[in-house]
Structure formats: structure tokens, C-alpha cells
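Worksheet: one structure, shown below.
By convention in this document, chain letters (A, B, ...) are assigned in the order of the sequence lines, proteins followed by strands, and residues within each chain are numbered from 1. Both backbone and side-chain heavy atoms feed into the values below; hydrogens, waters and symmetry mates do not.
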Amino acid sequence: MTQPLRIATWNINSLRLRLPLLAGLVEALDPDIICLQETKVPDELFPHGALPELGYPHNVHAGMKGYNGVAILSRRPLTHITTAPDWCEKGDRRHIAAEVQTPSGPITIHNFYVPAGGDVPDRVANVKFAHKLDFVAEATAWFRAHPPVRSVLVGDLNIAPLEHDVWSHRQLLDIVSHTPVETEGLLAWQAAGFVDAVRKFVPADEKLYTWWSYRNRDWRASNRGRRLDHIWTTPDLDPVGHMVLTEARDWQQTSDHVPVCVTLAI
DNA sequence: ATGGTCGACAATCGA
């Protein structure tokens, strides 16, 4: 029996600001691989110095000034995979992929930061919403054309697809992140070859959130959360456990998202 | 119905 492979995902909302918080993530989850979104750091300013001493000497990253940005940190060597397109041809650093070797064979990891989509759920009135829908449609088409094998797709997908992925299904049906056009689009993307790994462990009729707005006075008391962060795997992989690190929402100067983790038998 | 709070980066924009 070999050691399992643990993969975490976190929208860190500024890698440089919250670099010290990564130690808490490592202590709580002990991940082999950490996928980050909203790193908000250009590649030339990526904080290479601090990561090896944290236990993650290997990384791939795609950043830009001020917005977006994704990175994969790893204890094991990574191979940067560059076969995917520049989604919506915007050059906006919302995806990075890498391959990691395991005793049972290579595993491909896709790390996504899907556009949030603005406030108005109308593709004509709101170009950000159109971008979000186009991004999801393009990703769906790409994975249909390139069926994934031994792959994990993680990230801040900015859509809560199931009724109990939001605090009130009825009240959020017209709120960006939970509109039918988005949730149907996300589930179609997932059906292009993936299974929702976290919902294997948490039944669909149980509330589960990974994000709570900064704007709530007391996020825990109001508990108006949404599950925006996801881990999907292809059916040929074997998830054996999961964790949603809700306590991270109480860390000093933390992100509005909390880390999510899945353990794979390899 | 509205406003509430963050981060980046230097007046707002994006979330």
C-alpha cells in the first residue's frame, strides 16, 4: 500500500499577502499538491523563496498584475502541461495544468479560476456574465474533444451547481453563481469526463459551502455560504477522503474562500 | 431594496 496523494485547492486572494497562511493549510491538510487561484502576482514577482522551506520545492504558475493568476505547488516534481488553449483568447491567467508521477501512473491536474461574472445575470446587459458562460462552454467543448484520463480538475469555478451548494436555493436562483444557465453549464462541463469528488463524501442533500462573503458581519452566524470551489476527478481515479477547511475562514486576514482537499489512493 | 468588505494599486475596478 503506497502513500496516498492529497490535492488541495484554495482561492488565496493574493499569494503575497497571505503567504504566511499557507503554513496553516499545510499543517491542517498535509497536501502533496496545492492549487491556488487569484494569486494576483506577475510571474516575475512569484515568491519562489518561501515555498521550498514550506515543503513545496516544485511549482508551475501563470500570473499577471493585479488580477487572476493560478499556481500549482508540489512536493513532487511537476511537468507543466501546455496543451489547453488560451480560454476566450484573453490571456488572463485563469488556468494552469501539470502532470505528476505516481506509482500507479501519471496524473494530470487542471487548476481553474472561472470568471466571477459580475452582478447582472444577463449575457446581453453584462459582458462579464457573457465571458463566464463562454468560458464554461469553451472548456466543456475542449474536454469533450480531449477526453480526460487519470485527471483531477480543481479550482474556484465560481458556480454552486447543486441546491444545497447555497444557503438558499430559492433566493439565489437569480443571483450570479447559482442561476440555471450557470449550474446547467457547469454540470455539462463536469459530464465531459469528471465526477464531483467531494460530493462522493458529502451527500447532495447536505449543505456544503466553501465561500462566505467578506460583507457579512459574522460569517458563521449568518452562514450565507456557497460552494464555489470544487475538486473533480475522472472515474479511473480513486478518491478515498476529503476535507473542507472551514476553520480557515476565521484565520487572521484570511481569504473569503476556504481550502478544499481530496485524498486519492495511488 | 440596499449596502455591506476586501485586495491591488494608486482612482477605481473586480470580487
Pairing residues for H80(A) by the ring-ring contact (aromatic ring centres under 6.0 Å, His included) criterion, not counting sequence neighbours | none
For the pair made of CG in D218(A) and P in dG4(B), what is the distance, rounded to whole Å?
-> 18 Å
Mind calculating the distance between CH2 (W211(A)) and C1' (dC6(B)) to the nearest angstrom?
-> 11 Å
Does H242(A) have any ring-ring contact (aromatic ring centres under 6.0 Å, His included) partners at least two apart in sequence or in another chain, and if so, which?
-> F201(A)
Atom pair distance, as rounded to whole Å: CG in L21(A) and P in dG7(B) = 11 Å
With sequence neighbours excluded, tell me which residues meet ring-ring contact (aromatic ring centres under 6.0 Å, His included) with Y56(A).
-> none
Spacing of D119(A) atom CG relative to dT2(B) atom P, expressed in whole Å = 13 Å
Rounded distance (Å) that lies between atom C1' of dG4(B) and atom CH2 of W212(A) | 19 Å
Taking the six-membered ring for Trp, are W142(A) and H146(A) parallel (under 30°), tilted (30 to 60°) or perpendicular (over 60°)?
-> parallel
Residues passing the ring-ring contact (aromatic ring centres under 6.0 Å, His included) test with F112(A), sequence neighbours excluded, are W87(A), H95(A), W189(A)
Detail all sub-3.5 Å separations between protein N/O atoms and N/O atoms belonging to nucleotides 13-15 of chain B.
from	atom 1	to	atom 2	distance (Å)
dG14(B)	OP2	K128(A)	NZ	3.4
dA15(B)	N6	R215(A)	NH2	2.5
dA15(B)	N1	R215(A)	NH2	2.9

How far, in whole Å, is dA15(B) from dG3(B) if one measures between their C1' atoms?
-> 15 Å
Mind checking the P distance from dC6(B) to dA10(B)? Whole angstroms is fine.
-> 22 Å
Side chain to side chain donor-acceptor pair (under 3.5 Å): which pairs involve residues 114-125 of chain A, sequence neighbours left out?
-> R123(A)-D134(A)
What is the nucleic acid contact for R224(A), judged by heavy atoms within less than 4.0 Å: base, sugar-phosphate only, or nothing?
-> nothing
Is any side-chain nitrogen or oxygen of R16(A) closer than 4.0 Å to OP1 or OP2 of dG7(B)?
-> no
